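Every chain is numbered from 1, with letters handed out A, B, ... down the list of sequences. Please read all numbers here as calculations on a predicted model, not as lab measurements.
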Number of protein chains: 2
Amino acid sequence: MSERGRLANHAWEGLLTAHARMMRQFADADIWQDLSMREYDVLYTLSKYTEPLRIGELGRHVLLSQPALSRMVDRLAERGLLERCPDPADGRGVRLSLTDTGRDTQRRIGRRHAAQVARAVTAELSRDELQQLAAICWKLAGAGATNEDTEAERP
Amino acid sequence: MSERGRLANHAWEGLLTAHARMMRQFADADIWQDLSMREYDVLYTLSKYTEPLRIGELGRHVLLSQPALSRMVDRLAERGLLERCPDPADGRGVRLSLTDTGRDTQRRIGRRHAAQVARAVTAELSRDELQQLAAICWKLAGAGATNEDTEAERP
DNA sequence: TTTACGTTTATGCAAACGCATGGACTCTCC
DNA sequence: GGAGAGTCCATGCGTTTGCATAAACGTAAA
């Protein structure tokens, strides 16, 4: 493999390791009430959009299989945190939106989680590093969305 | 929250999004044979050490609960990919090491996965960006471990 | 219209997960 | 040396996940 390829793998392993260590650290904190981090992730994603979201759209932001997401939405709706309405424009689809309770819950947990993230990340990285990390990761994130099909075919 | 805190959260969300998109892309590829990515992760981690690894040590590298990891080790041992031996120096402990089959399997899959990572990541990032990403992520990764012992360095 | 095919979400089922806990062992301090 | 506390791994149990597939709807061509 090329030198550049090795560097890419080193960087990716670093990202994975940072992800794992930070996630564990965040999960250990006592701020999640009766939600799992995955469930919070769903609420957070919904909170970012004013328009109701389709399940498929949600699935592109959350690392979860479609059936698992479907059932998680079930449970969250059961608990009164979000609502599913049939999509008037597409009879197959479902539109998801947070209830007031769901929005409150997301905000309450989100405030503490954001503080937690800020503490953990700013403790280790300078302002320049934060900016570099953000720019690079969002670039990578965009790539994952656009390269989906071109990556599929290959020996 | 401070401007720096907001930047930290933006960077972290970018990292999460990049992680999710890349992971999905990697998982979709048909290179994993009959392993899950989590199982491969265990084999890969073991492959990096010449000495047998304790389960607890393994757990610090893999984002999985201790019982889940214990059972995964069970299954991998059952399938002949790794071996568990009692630790002579600590009666509670177990020492894990890859079998030859396990090592072969890891190498075969690892080659393709590394190529996959190199393709996906180098496609989007310059050499400088790769180096910045690696340096920053490994710094963050180290931060997550700071609370406890300084561990053996990576090969 | 009818047929065939793609898309979006839901369900059956076995496998895997996390939490709580237990048993075996080590360590510390008296 | 022995009691109490801590560490390491395994197991019971209810919940969640992924895979395969079905069901409902949309789209386009015959």
Side-chain angles (χ1 to χ4, degrees), chain A residues 20 23-30 32-43 46 52-79 81-97 148-149 152, chain B residues 20 23-24 26-30 32-43 46 52-79 81-97 147-149 151:
Chain A
M23 287 297 277
R24 190 185 297 279
Q25 180 175 322
F26 296 154
D28 285 348
D30 188 26
W32 302 104
Q33 308 197 155
D34 46 356
L35 289 181
S36 68
M37 284 183 78
R38 281 172 160 177
E39 287 169 333
Y40 171 76
D41 198 7
V42 167
L43 296 190
L46 285 176
L53 223 56
R54 294 285 294 264
I55 286 199
E57 195 68 29
L58 190 56
R60 274 187 277 284
H61 295 272
V62 177
L63 193 50
L64 210 55
S65 72
Q66 177 270 315
L69 188 55
S70 177
R71 280 190 246 255
M72 177 174 289
V73 165
D74 259 355
R75 295 190 295 269
L76 292 174
E78 195 98 14
R79 291 166 62 179
L81 297 171
L82 57 81
E83 276 178 335
R84 6 165 44 133
C85 311
D87 188 334
D90 183 344
R92 302 163 299 180
V94 176
R95 294 155 63 89
L96 304 173
S97 51
E148 265 165 26
D149 358 47
Chain B
M23 287 297 277
R24 192 185 295 279
F26 295 154
D28 285 349
D30 188 24
W32 302 103
Q33 308 199 154
D34 46 356
L35 289 181
S36 67
M37 285 182 77
R38 281 173 160 177
E39 288 168 333
Y40 171 76
D41 199 7
V42 167
L43 297 190
L46 286 176
L53 222 57
R54 295 284 294 263
I55 286 199
E57 194 69 30
L58 191 55
R60 275 186 276 282
H61 296 271
V62 176
L63 193 50
L64 212 54
S65 72
Q66 178 270 316
L69 187 55
S70 176
R71 285 180 165 117
M72 177 175 289
V73 166
D74 259 356
R75 295 189 297 269
L76 292 173
E78 195 97 16
R79 291 165 64 178
L81 296 171
L82 57 81
E83 275 177 337
R84 2 163 49 130
C85 311
D87 187 333
D90 185 343
R92 301 163 299 179
V94 176
R95 295 156 62 89
L96 304 173
S97 51
N147 293 352
E148 281 308 317
D149 52 349
E151 69 199 80

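- Taking every nucleotide of DNA chain C with any atom under 4.0 Å from a non-hydrogen atom of chain B, the first and last of them, 5' to 3', are C:dA16 to C:dT26.
- In this structure, B:Val62 and B:Arg38 have side chains that are not in contact, with every pair of non-hydrogen atoms separated by 4.5 Å or more.
- With hydrogens and angles disregarded, a donor-acceptor distance shorter than 3.5 Å links the side chain of A:Trp32 to the backbone of A:Phe26.
- Ionic pairing of A:Arg92 and A:Asp87 is not present here: no N-O contact between side-chain nitrogen and carboxylate oxygen is shorter than 4.0 angstrom.
- Ranked by how close their nearest DNA chain D nucleotide is to the 5' end, A:Met72 and A:Pro88 are led by A:Met72.
- Under the 4.0 Å criterion applied to side-chain N and carboxylate O atoms, A:Glu78 and A:Arg75 are not assigned as salt-bridge partners.
- Side-chain contact between A:Glu57 and A:Leu96 is absent, with no heavy-atom pair separated by less than 4.5 Å.
- Of all non-hydrogen atoms in A:Arg95 and A:Pro86, the two that sit nearest each other are CD-O, 4.1 Å.
- Atom CG of A:Asp28 has more than 12 heavy atoms from other residues, nucleotides or ligands within 6.0 Å.
- Residues A:His61 and A:Asp41 come closest through the heavy atom pair O-OD2, 4.5 Å.
- Across residues 33-43 of chain B, B:Arg38 each have a non-hydrogen atom less than 4.0 Å from an atom of DNA chain C (numbered order).
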Scoring nucleotides 3-13 of chain D by protein non-hydrogen atoms under 4.0 Å (B base, S sugar-phosphate only, - none) yields ---BBSBBBBB

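- Heavy-atom minimum distance, B:Gly59 versus A:Arg24: O-NH2, 2.8 Å.
- When all heavy atoms of B:Arg54 and B:Asp90 are compared, the closest pair comes out as NH2-OD2, 3.5 Å.
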